[in-house]
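Here is the structure we will look at, set down as structure tokens.
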Amino acid sequence: MAGRVLLAVGGGAAAIKAPLIVRRLAEAGYRVRVLATERALAFTTELALATVSGRPVATETGWFAPSGRVLHLELAEWADLVLVAPATAADLARAAAGLAEDLLTAVLTAGPPRVVWAPAMNPRMWADPAVQANVGRLKARGHAFAGPASGAMAGVGEAPGPGRMLEPEELVEHVRYHLTDKDYAGRRVLVTAGPTREHLDPVRFLSNPSSGKMGYAVARAARDRGARVVLVSGPTALEDPFGVEVVRVESAEAMREAVLARYPSAEVVVMAAAVADWRPAERRDEKEAKLGEEKHLRLVRTPDILAELGARKGDRVLVGFAMETHAGPERAFEKLRRKNLDLICLNYPTDPETAFGAEENRLLLIDPSGRTEALGRAPKRVLADRLLDRVRRIMQ
Ligand code: CTP
């Protein structure tokens with residue numbers, strides 16, 4: 001997964017975020033070098049960028065590498081990917097024209113394997129036909145774009161609109177997408193995530209503390225590996241991942257409908273959602289005032305979506321999750337059998353380090369022959385990739 005990223009910092013106000021982009025890329029395991037345009041250094045400093053990247057910054061004042069090679073050629077060969085962030089309208093125009101009059105455009109003209117632009121400019125400038133024409137020319141040459149997003153603009157009184165640079169974490173996600181091998185190219189993967197809510201009335205519901213992080217990590221990992229991903233998500237606080245079709249639902253019944261509608265075209269299904277097993281027998285349309293000292297709820301079972309999928313599995317790969325507090329492997333294996341799954345992932349929700357909402361998890365994979373594979377404690381994204389490695393072996 002690791003790779004070499006050249007962060008080229010253009011001269012916009014968003015350049016103040018460049019040191020954070022370097023930090024986030026390094027945390028994600030990338031080797032990072034930084035190039036700063038002359039204008040970028042009006043917003044951020046060479047010292048800040050050198051400090052976080054741990055290497056001298058390439059600037060206009062030195063076109064020769066310490067090795068004695070010409071710097072723009074060395075950088076273009078070194079980088080697996082050049083991320084231009086922030087990219088100004090002027091950066092796009094010079095690159096589209098193929099000018100090699102400054103270090104940034106010289107590097108780009110020297111043919112690095114991948115270029116990702118993260119534009120940042122005023123919405124009126126972003127909408128300008130000349131800017132859009134330059135974007136089109138760069139796309140036609142195989143360059144990719146990350147953003148811009150809509151949001152608040154630099155400058156007092158400027159109206160919000162599309163033109164805001166993506167946040168550093170989002171840029172790292174785009175980098176990861178472009179540097180990941182596409183071993184799931186064209187595969188259709190359906191993932192569910194998060195809890196469901198079973199309403200008693202408009203303001204009260206039964207639910208559970210699932211954060212959705214595990215399922216979202218699987219959806220992102222599958223997307224990065226080239227899959228066409230549909231994510232059916234219960235209510236979560238997580239952003240929609242880019243490049244994934246996200247279907248938001250609330251109840252188990254709504255999740256069932258959304259999943260069944262997309263089941264025919266899915267090749268792999270990963271049911272990571274913590275679907276509520278019970279719902280109130282009645283849902284009131286109006287909020288009920290509290291009366292008396294006791295209240296009895298009558299609950300009825302929700303549909304078992306995964307069991308329904310298992311009953312008409314075809315040649316799909318079906319993966320379920322199980323959450324057990326005791327007799328884990330035996331109970332999980334029984335679920336795998338009952339629901340006709342290819343794999344079940346046992347979670348340990350009572351372990352504080354891997355509980356609901358944690359960044360890390362620990363999974364025990366169990367297959368239909370009862371063979372187990374322990375995926376040790378790791379960030380959910382790492383586990384998602386290991387799970388997809390295993391699913392790929394089943395698909396072959
Ligand atoms: N699941 C589902 N529909 C439900 C309940 C669960 O599709 N109504 C799926 C979950 O997404 C998960 C797996 O089935 O992949 C979990 O199975 P389940 O039998 O619900 O396990 P537990 O929640 O651990 O339930 P139990 O109380 O039976 O141990």
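As the structure lists them, so they are numbered: ligands from 1, and atoms in each ligand from 1. This structure is a prediction, so every number in the text was calculated from the model and none was measured.
- For the pair Arg377 and Tyr348, the cation-pi test (distance below 6.0 Å, angle within 45°) is failed.
- Salt bridge status for Arg390 with Asp342: absent, with no side-chain N to carboxylate O gap under 4.0 Å.
- Under a 4.0 Å N-O distance rule, the pair Glu27/Arg24 qualifies as a salt bridge.
- Ordered by chain and residue number, the residues placing a heavy atom less than 4.0 Å from ligand 1 are Met271, Ala273, Val275, Asp277, Thr302, Pro303, Asp304, Ile305, Leu306, Gly320, Phe321, Met323, Arg331, Lys335, Lys339.
- Looking only at distances, no side-chain donor or acceptor of Glu245 sits under 3.5 Å from a matching main-chain atom of Val229.
- For the pair Lys182 and Tyr177, the distance from NZ or CZ to the six-membered ring centre is under 6.0 Å and the angle to the ring normal is within 45 degrees.
- Contacts of Phe205 classified as ring-ring contact (aromatic ring centres under 6.0 Å, His included), with partners at least two apart in sequence or in another chain: His199.
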